[in-house]
2 protein chains.
Amino acid sequence: MSSAAQPIEPPADAGAAPAFSPLYQQIKALLVRSLQGGEWKPGESIPSELELAARFKVSQGTVRKAIDELAADGLLVRKQGKGTFVATHAEEHVQYRFLRLTPEEGASPPVERRVLDCRRLRAPADVARTLELKSGEAAVLVRRLLSAQGKPVVLDDIWLPGALFKGLTVEKLTGWRGPMYELFESEFGVRMIRAEEQIRAVAADAATAQWLEVAAGTPLLSVERLSRTYGDKPVELRRGLYNTAQHHYRNELS
Amino acid sequence: MSSAAQPIEPPADAGAAPAFSPLYQQIKALLVRSLQGGEWKPGESIPSELELAARFKVSQGTVRKAIDELAADGLLVRKQGKGTFVATHAEEHVQYRFLRLTPEEGASPPVERRVLDCRRLRAPADVARTLELKSGEAAVLVRRLLSAQGKPVVLDDIWLPGALFKGLTVEKLTGWRGPMYELFESEFGVRMIRAEEQIRAVAADAATAQWLEVAAGTPLLSVERLSRTYGDKPVELRRGLYNTAQHHYRNELS
DNA sequence: TAGTGGTCTAGACCACATG
DNA sequence: ATGTGGTCTAGACCACTAC
């Protein structure tokens, strides 16, 4: 073979054309588009490396590098001998993928869920801004309580774009076994890819204290999470208050 | 070429021999040993991929994969056209690598440091256990205060194994400009590679409140960090209390 | 111009999963 | 036995850095 890279899209060069990207980056983008478009659903397998190589007219190694990065980003999961699969929040066995709360020695994880409320309303200004909604657009607010062995641990307020979550009701939520994000995937086609959290220490107000069964003024962990789907589109704003008496938030630095 | 993998160490098979590991994993381990042994110091460049390939008698691609992983782990840094360098806590320009504290809109990062104390004493039981010291072994305790624009934000208690940090004094610390971890690297040859943090919300006690200039009982973020060097050896236990009025702890999930 | 890391290819063989 | 991902090689060329 004489020359190497043959861009999938010819130059075309419209206006402020960004510099050329490596072939495997282009492949990566194409794969993301297919994921986004629902060509392969969560949990399903994508075509084999050789098939994709044939489809895109590149070598297996190039497809491989693209898939490697998508796997590192958590969008795909490789399983030797079986294939490559679309990552899902289902079957994140043992641990809920985004939940960093770990029980203290002797305690147990907060797995009991109780949905307190689920209503549609117009997004408050700050929520609208964060979720990139037009002001006054509809939003869904879910309030729920997570407990461990009967003791409440987390009080969550979850804001979702109304347009994406049309039929979300208390019944749907309470009837669901398994991670909430799995419901979002299967029922609403919204896959959470990554998220950013901002953590602060705050004092429990009267209402919160009641829900969490602590004294007003008790220090709580405030965890504000913005979750994004493909294309970094924000699709969930979650405000959690954690009682860290029997649990802690764990993090790894490198 | 007929066959591919030729393990660097012949089978030898002593007792409960672990399964063979891929060549690039073995290379990776060898590189870590060289880093650990100080063959290449932080900030220096390591030999080129071709040199290493020759040294280890493997192809460039195999060395490359080993280096890729070490770079992903944050042990090495690649610079196109220049070479591959040993990562360092110096020149982590702008942001201190492990510090996740971010100023709120309008506030500024906590860059002013004040060393309150630095003393050698026998490690308390819990510290000794965490740092894997023999009970009663010497430890160094550093207490310091980080401030932003004159307002205290973080109160840190830092425990270090006495054996590794022999000449650490208040003068050395206060005289040092730049990240503390950089001092540890250059003066004591201890490189922090990764760390785990446990985060809780706690109420300020009287003494802490005074240092942080808040009312007693104010909710604070308790951040307990265990830092490790090569071989996952624990070398620092840091207990920080953060005032999150003007700052927050940021985290990314994926 | 020479040296470095970065991309790409083509083909071999290995390890694992399944029928 | 076949198909999948995982490892390894050898060699080409590109992009960036330095002298």
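A note on names: the letters A, B, ... follow the listed sequences, proteins ahead of strands, and every chain is numbered from 1. Just so you know, these numbers use all the heavy atoms, side chains as well, and skip hydrogens, waters and symmetry mates.
Contact between the side-chain N/O atoms of Ser48(A) and the OP1/OP2 oxygens of dT4(D) is found at a separation under 4.0 Å. OP1 or OP2 of dT9(D) sits under 4.0 Å from a side-chain N or O of Thr62(B). Distances shorter than 4.0 Å separate none of the side-chain N or O atoms of Lys65(A) from OP1 or OP2 on dC8(C). Between Arg64(B) and dG6(C) there is a side-chain N or O to OP1 or OP2 distance below 4.0 Å.
Put simply, CG on Leu23(A) is 12 Å from P on dA10(C), counting in whole angstrom units. A straight line from NZ of Lys57(A) to C1' of dT9(C) spans 16 Å, rounded to a whole angstrom. In this entry the distance linking CG of Leu52(B) with C1' of dT9(D) reads 17 Å, nearest Å. Between the C1' atom of dG3(C) and the CD1 atom of Ile46(B) lies a distance of 15 Å, rounded to the nearest Å. At whole-Å resolution of the value, CD in Gln60(A) and P in dG5(D) are 8 Å apart. Taking atom CD of Glu49(B) as the reference point, atom C1' of dG6(C) lies 8 Å away to the nearest angstrom. Between the CG atom of Asp68(B) and the P atom of dG6(D) there is a distance of 15 Å, rounded to whole Å. Rounded to whole angstrom, the span from the NZ atom of Lys28(B) across to the P atom of dT7(D) amounts to 11 Å.
Side-chain proximity of Ser59(A) to dA10(C), dT9(D), dT4(D): nearest is dA10(C). Of the candidates dA10(C), dT4(D), dT9(D), dT9(D) carries the atom nearest the Val58(B) side chain, counting heavy atoms from C-beta on.
Under the rule for a salt bridge (charged side-chain N to carboxylate O under 4.0 Å, His left out), the partners of Glu224(B) that lie at least two apart in sequence or sit in another chain are Arg239(B). Applying the side chain to side chain donor-acceptor pair (under 3.5 Å) rule to Glu104(A) yields the partners His248(A), Arg200(B); only residues at least two apart in sequence or on another chain are considered. Applying the salt bridge (charged side-chain N to carboxylate O under 4.0 Å, His left out) test to Glu132(B) and every residue at least two apart in sequence or in another chain returns nothing. In this structure Thr169(A) satisfies the side chain to side chain donor-acceptor pair (under 3.5 Å) test together with Glu171(A), sequence neighbours excluded. For Thr130(B), the side chain to side chain donor-acceptor pair (under 3.5 Å) criterion is met by no residue, not counting sequence neighbours. Scanning for salt bridge (charged side-chain N to carboxylate O under 4.0 Å, His left out) contacts around Arg114(A) gives an empty result, with sequence neighbours left out. For Thr84(A), there are no side chain to side chain donor-acceptor pair (under 3.5 Å) partners at least two apart in sequence or on another chain.
Taking a cutoff of 4.0 Å between a charged side-chain nitrogen and a carboxylate oxygen, Glu39(A) and Arg33(A) do not qualify as a salt bridge.
Taking every heavy atom of residues 71-79 of chain B and every atom of DNA chain C, pairs under 4.0 Å involve Arg78(B), Lys79(B), by number.
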Show me the donor-acceptor pairs, under 3.5 Å and distance only, between side chains in residues 60-67 of chain B and residues at least two apart or in other chains.
{"unit_1": "Gln60(B)", "atom_1": "NE2", "unit_2": "Glu49(B)", "atom_2": "OE1", "d": "2.9"}
{"unit_1": "Thr62(B)", "atom_1": "OG1", "unit_2": "Ser59(B)", "atom_2": "OG", "d": "3.4"}
{"unit_1": "Arg64(B)", "atom_1": "NH1", "unit_2": "Glu49(B)", "atom_2": "OE1", "d": "3.1"}
{"unit_1": "Arg64(B)", "atom_1": "NH1", "unit_2": "Glu49(B)", "atom_2": "OE2", "d": "2.6"}

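Remark on the helix from dT1(C)-dA18(D) to dT18(C)-dA1(D): inter-end axis angle 10°, axes from five-pair C1' superpositions, rounded to 10°.
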Applying side-chain contact (heavy atoms from CB on, under 4.5 Å), run through Leu75(B) and Tyr230(B) and close with a yes or a no.
CA-CA 9 Å; Leu75(B) 298 194; Tyr230(B) 299 114; 4.2 Å; yes

Table of protein N/O atoms under 3.5 Å from nucleotides 17-19 of chain D N/O atoms:
{"unit_1": "dA18(D)", "atom_1": "OP1", "unit_2": "Lys82(B)", "atom_2": "NZ", "d": "3.4"}

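The stretch residues 176-192 of chain A participates, sequence neighbours left out, in these salt bridge (Lys or Arg N to Asp or Glu O under 4.0 Å) pairs: Lys172(A)-Glu187(A).
Aromatic ring orientation, Phe188(B) versus Phe165(B): tilted (interplanar angle from 30° to 60°).
Thr84(B) comes within 4.0 angstrom of the backbone, heavy atoms only, and of no base.
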